[in-house]
Amino acid sequence: MSAPLADRLNQILPRITSEAFLSSEGIGNEIAFYIFDYPAKDELLVRKHVGWMLDRLTTHHAGLRVLYLNMFDIMLEYLKDRGLYDKALEMEASRGAEAVQQALKGPLAADKVVEFISSVYKPSAYDLALVAGIGSVWPCAAGAQPLELPAPRDGQDPFGHVLPRHIQRHDTPLFGQVAVESTRTGTNPYYRAFILIPGDTQS
């Protein structure tokens with residue numbers, strides 16, 4: 001793991017537990033929506049750090065109500081809830097992964113998954129929501145729009161996405177390779193998110 005990424009990872013916990021962050025200080029009327037971006041090659045290292053951080057939140061910040069959403073687990077739960085999980089497995093076995101991806105494009109549209117998360121997990125009941133695992137559900141969930149999944153809709157409680165993406169420009173490719181387009185005509189795919197911890201994402 002590069003020194004710049006290690007330094008950025010070590011800054012996450014103090015940042016998200018600070019009073020200024022939790023009260024959305026300094027962002028005006030903007031939505032408290034943050035992204036921690038990192039090179040996709042460091043996925044396993046970042047995943048390990050997120051696990052450590054969740055344990056630390058439990059043991060050292062017990063009064064902070066934290067909702068952790070792993071999008072891979074969410075997608076499986078959502079498909080089972082809709083009665084699509086077994087059908088998807090059968091389709092993959094008989095017709096291949098590409099056919100499954102095409103068939104699930106509608107059911108896994110961003111707005112439907114966001115609605116599922118809102119109704120089942122009640123993000124507004126928490127002080128902070130952390131979202132990870134988006135790389136694990138690419139490209140099935142939400143097509144090419146992972147930045148739209150999920151976004152806070154009811155209040156200013158901070159949302160943080162841990163996302164394998166090099167953010168240099170609004171049109172920077174997802175995972176450093178895949179171009180991202182918005183599902184909403186005339187809107188920017190970057191989704192007005194703030195960078196959680198600035199730094200050299202290319203390292």
Side-chain angles (χ1 to χ4, degrees), residues 5-38 42-78 81 108-138 141-142 145-165 167 188-199 201:
L5 178 59
D7 291 343
R8 292 178 67 227
L9 286 169
N10 288 332
Q11 292 179 58
I12 296 177
L13 189 59
R15 171 88 165 110
I16 65 175
T17 56
S18 69
E19 173 128 9
F21 179 81
L22 294 170
S23 62
S24 301
E25 185 177 303
I27 64 172
N29 292 322
E30 296 289 339
I31 292 176
F33 184 35
Y34 297 84
I35 289 175
F36 182 88
D37 59 309
Y38 58 92
D42 291 319
E43 169 66 29
L44 295 181
L45 294 169
V46 173
R47 191 181 300 175
K48 182 178 179 180
H49 187 85
V50 169
W52 171 85
M53 192 169 60
L54 292 171
D55 289 340
R56 194 78 174 177
L57 284 167
T58 300
T59 57
H60 289 70
H61 302 275
L64 186 63
R65 298 170 300 171
V66 178
L67 172 64
Y68 173 66
L69 300 172
N70 183 290
M71 292 311 301
F72 182 76
D73 295 334
I74 296 290
M75 186 181 77
L76 294 182
E77 182 182 356
Y78 174 73
D81 183 74
L108 289 177
D111 57 342
K112 295 178 181 177
V113 180
V114 168
E115 184 62 35
F116 176 77
I117 290 172
S118 296
S119 63
V120 174
Y121 291 95
K122 315 291 185 190
S124 61
Y126 295 83
D127 301 311
L128 169 68
L130 299 175
V131 183
I134 295 176
S136 300
V137 298
W138 171 268
Q145 297 79 33
L147 287 180
E148 299 175 2
L149 178 64
R153 287 184 170 178
D154 45 8
Q156 286 288 307
D157 294 335
F159 261 64
H161 279 231
V162 182
L163 180 71
R165 174 189 173 103
I167 300 177
N188 196 310
Y190 183 52
Y191 208 79
R192 299 178 72 183
F194 296 96
I195 304 298
L196 182 63
I197 306 293
T201 63

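Heavy atoms only: backbone and side chains are in, while hydrogens, waters and symmetry mates are out. Throughout, numbering of the chain's residues begins at 1 and tracks the sequence.
The backbone N or O of L196 sits nowhere less than 3.5 Å from a side-chain atom of R8 that would complete a donor-acceptor pair. N10 places a side-chain N or O within 3.5 Å of a backbone atom of A6 that can act as its donor or acceptor partner. A distance-only check finds a donor-acceptor pair linking the side chain of R65 to the backbone of A125 [under 3.5 Å].
Considering every non-hydrogen atom in both F116 and Y78, the closest pair reads CG-CD1, 3.4 Å. Taking both residues in full, the closest heavy atoms of I117 and P123 are given as O-CD, 3.8 Å, listed atom of the first, atom of the second, then distance. Here the closest non-hydrogen pair linking E19 and S23 is O-OG, 2.8 Å. Closest of all the heavy-atom pairs between R15 and F21 is O-CB, 3.0 Å.
Taking 4.5 Å as the limit, some side-chain heavy atom of L13 sits within range of a side-chain heavy atom of L57. Side-chain contact check for V120 versus I74: every heavy-atom pair is 4.5 Å or farther apart. No side-chain heavy atom of Y34 sits under 4.5 Å from any side-chain heavy atom of I197. Counting heavy atoms from C-beta outward, M71 and V113 have side chains that approach closer than 4.5 Å. Side-chain contact check for L54 versus L130: some heavy-atom pair is nearer than 4.5 Å.
Taking CE of M53 as the start and CG of D55 as the end, the distance is 10.5 Å to the nearest 0.5 Å. With rounding to the nearest 0.5 angstrom, the CG atom of D127 is 12.0 Å from the OG1 atom of T17. To the nearest 0.5 angstrom, L69 atom CG is 7.0 Å from Y121 atom OH.
Applying the ring pair (Phe, Tyr, Trp, His ring centres under 6.0 Å) test to residues at least two apart or on different chains, the pairs with a partner in residues 52-74 are H49-W52.
In this structure, E25 has no side-chain hydrogen bond (donor to acceptor under 3.5 Å, both in side chains) partners at least two apart in sequence or on a different chain.
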